[in-house]
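Residue numbers start at 1 and run along the sequence shown. Treat the numbers as computed from the prediction; the structure is a model and nothing was measured.
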Amino acid sequence: MSKVGIIMGSTSDMPVMEKAIEILKGFDIEVEVDIVSAHRTPEKLFDYAKNAHTRGLKAIIAGAGGAAHLPGMVASLSPLPVIGVPVKSRNSIDGWDSVLSILQMPGGVPVATVALDGALNAGILAAQIIGASDTCVLDKILVYKEGLKQKVIEGAKQVKQ
């Protein structure tokens with residue numbers, strides 16, 4: 001079974017990051033969830049990022065608010081794809097500090113970045129990464145996408161009535 005690591009800077013990020021956990025579980029993808037702070041637990045961050053691939057992870061979703069160094073630091077240390085979720089935290093500058101901190105990575109250290117509080121899309125993107133080589137996950141993504149299409153079609157029918 002494929003596994004995705006989901007980390008965040010503090011427990012206050014959990015309400016946002018739960019959306020990634022839920023969607024991945026819906027695709028029958030195992031999740032490993034932890035709190036890893038780039039600024040308060042740098043040793044843990046180094047160990048987590050350097051060894052994530054040895055624990056069977058296929059991707060890492062890292063959510064962080066404020067200065068939001070977590071996704072970039074993990075990407076600098078791990079060979080796995082990293083998806084950054086900027087989180088609008090209480091000490092944030094309307095979320096823009098988080099967005100820009102995750103989005104503006106230097107060449108050679110990519111972080112896929114989703115929208116502010118966009119953990120749902122981060123989970124879907126991680127599933128799509130896994131689905132590129134796992135047909136069981138790919139089939140579930142196809143069903144999910146068809147469901148999105150049907151919701152729009154049903155909404156259009158309701159509007160016309």
Side-chain angles (χ1 to χ4, degrees), residues 1-134 137 140-141 144-145 148:
M1 174 183 268
S2 297
K3 184 166 49 170
V4 172
I6 298 178
I7 57 176
M8 60 207 84
S10 70
T11 56
S12 64
D13 299 330
M14 184 58 93
V16 170
M17 300 305 288
E18 281 176 343
K19 293 178 180 79
I21 296 167
E22 291 169 12
I23 193 75
L24 286 166
K25 286 182 176 179
F27 290 131
D28 294 322
I29 296 171
E30 187 179 344
V31 295
E32 173 188 281
V33 182
D34 204 351
I35 304 296
V36 180
S37 172
H39 300 107
R40 294 170 292 222
T41 60
E43 296 88 355
K44 182 177 182 179
L45 179 149
F46 273 59
D47 181 61
Y48 183 92
K50 285 185 174 183
N51 297 304
H53 67 286
T54 67
R55 293 191 309 279
L57 298 183
K58 301 299 181 195
I60 299 170
I61 299 172
H69 289 92
L70 182 61
M73 288 300 299
V74 169
S76 75
L77 296 163
S78 178
L80 298 175
V82 176
I83 303 165
V85 179
V87 176
K88 185 176 180 185
S89 59
R90 61 177 171 70
N91 65 339
S92 179
I93 304 169
D94 208 26
W96 280 108
D97 47 346
S98 304
V99 170
L100 295 173
S101 293
I102 298 172
L103 184 65
Q104 297 290 51
M105 292 301 300
V109 187
V111 173
T113 309
V114 296
L116 186 63
D117 292 343
L120 175 67
N121 277 350
I124 295 167
L125 181 56
Q128 289 174 320
I129 289 168
I130 291 168
S133 61
D134 182 329
V137 172
K140 290 172 186 163
I141 292 166
Y144 176 79
K145 297 253 182 188
L148 293 175

Enquirer: So do Val74 and Val36 actually touch side chain to side chain, heavy atoms under 4.5 Å?
Expert: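 A side-chain contact is absent here, since even the closest heavy-atom pair is not under 4.5 Å.
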Enquirer: If we only count heavy atoms from C-beta on, is the Ile35 to Met14 side-chain gap below 4.5 Å?
Expert: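 No, every pair of side-chain atoms sits at 4.5 Å or beyond.
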Enquirer: Can any side-chain N or O of Ser78 pair as donor or acceptor with the backbone N or O of Lys50 at less than 3.5 Å?
Expert: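 No, because the side chain of Ser78 does not come within donor-acceptor range (under 3.5 Å) of the backbone of Lys50.
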Enquirer: As an exercise, state the distance from NE2 of His69 to NE2 of His39, rounded to the nearest 0.5 Å.
Expert: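 Between His69 NE2 and His39 NE2, I get 4.5 Å after rounding to 0.5 Å.
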Enquirer: Which atoms form the tightest heavy-atom contact between Leu116 and Val87, and what is the distance?
Expert: CD1-C, 4.0 Å
Enquirer: Here's a test for you: under salt bridge (charged side-chain N to carboxylate O under 4.0 Å, His left out), which of Asp97, Asp117, Asp94 qualifies with Lys88?
Expert: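 The single option meeting the salt bridge (charged side-chain N to carboxylate O under 4.0 Å, His left out) with Lys88 is Asp94.
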Enquirer: If you look at every heavy atom in Arg40 and Gly9, which pair is closest and at what distance?
Expert: NH2-O, 3.1 Å
Enquirer: Nearest heavy-atom pair of Ala67 and Ser101: which atoms, and what distance?
Expert: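 Heavy-atom minimum between the residues: O-OG, 2.6 Å.
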Enquirer: Roughly how far apart are Leu148 CG and Ile124 CD1, rounded to 0.5 Å?
Expert: 7.0 Å
Enquirer: Is Asp134 reaching over with its side chain to a backbone N or O of Ile130, donor-acceptor style, under 3.5 angstrom?
Expert: no
Enquirer: Enter the distance from Ile102:CD1 to Ile83:CD1 here, rounded to the nearest 0.5 Å.
Expert: 12.0 Å
Enquirer: Hey, are the side chains of Leu125 and Ile61 touching, using non-hydrogen atoms and a 4.5 Å cut-off?
Expert: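 Heavy-atom side-chain distance check fails, nothing below 4.5 Å.
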Enquirer: With rounding to the nearest 0.5 Å, note down the distance linking CD1 in Ile129 to NZ in Lys58.
Expert: 12.5 Å
Enquirer: Taking the side chain as C-beta and beyond, is there a heavy-atom pair between Leu24 and Ile6 under 4.5 Å?
Expert: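 Of all side-chain heavy-atom pairs linking Ile6 with Leu24, at least one is under 4.5 Å.
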Enquirer: Which pair of non-hydrogen atoms, one from Pro15 and one from Thr11, has the smallest distance, and what is that distance?
Expert: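 Answer, listing the atom of Pro15 first, then Thr11: CD-O, 4.0 Å.
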Enquirer: Under 3.5 Å, is there a donor-acceptor pair between the side chain of Ser76 and the main chain of Met73?
Expert: yes
Enquirer: Please assess Asn121 against Lys19 for the test side-chain contact (heavy atoms from CB on, under 4.5 Å), listing each intermediate value before the final yes or no.
Expert: CA-CA 9 Å; Asn121 277 350; Lys19 293 178 180 79; over 6 Å; no
Enquirer: If you compare all heavy atoms of Pro71 against all heavy atoms of Ala62, which two are closest, and at what distance to 0.1 Å?
Expert: CG-O, 3.4 Å
Enquirer: Side chains of Leu70 and Tyr48: does their closest heavy-atom pair fall under 4.5 Å?
Expert: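 They are not in side-chain contact.
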Enquirer: Apply the side-chain contact (heavy atoms from CB on, under 4.5 Å) test between Lys25 and each candidate in Asp28, Ile21, Ile29, Ile23; give the one that qualifies.
Expert: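 Passing option: Ile21.
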Enquirer: If you compare all heavy atoms of Ala64 against all heavy atoms of Asp13, which two are closest, and at what distance to 0.1 Å?
Expert: CA-OD2, 4.2 Å
Enquirer: With a 3.5 Å distance limit and no angle check, can you tell me whether Thr113 reaches the backbone of Gly84 through a side-chain donor-acceptor pair?
Expert: no
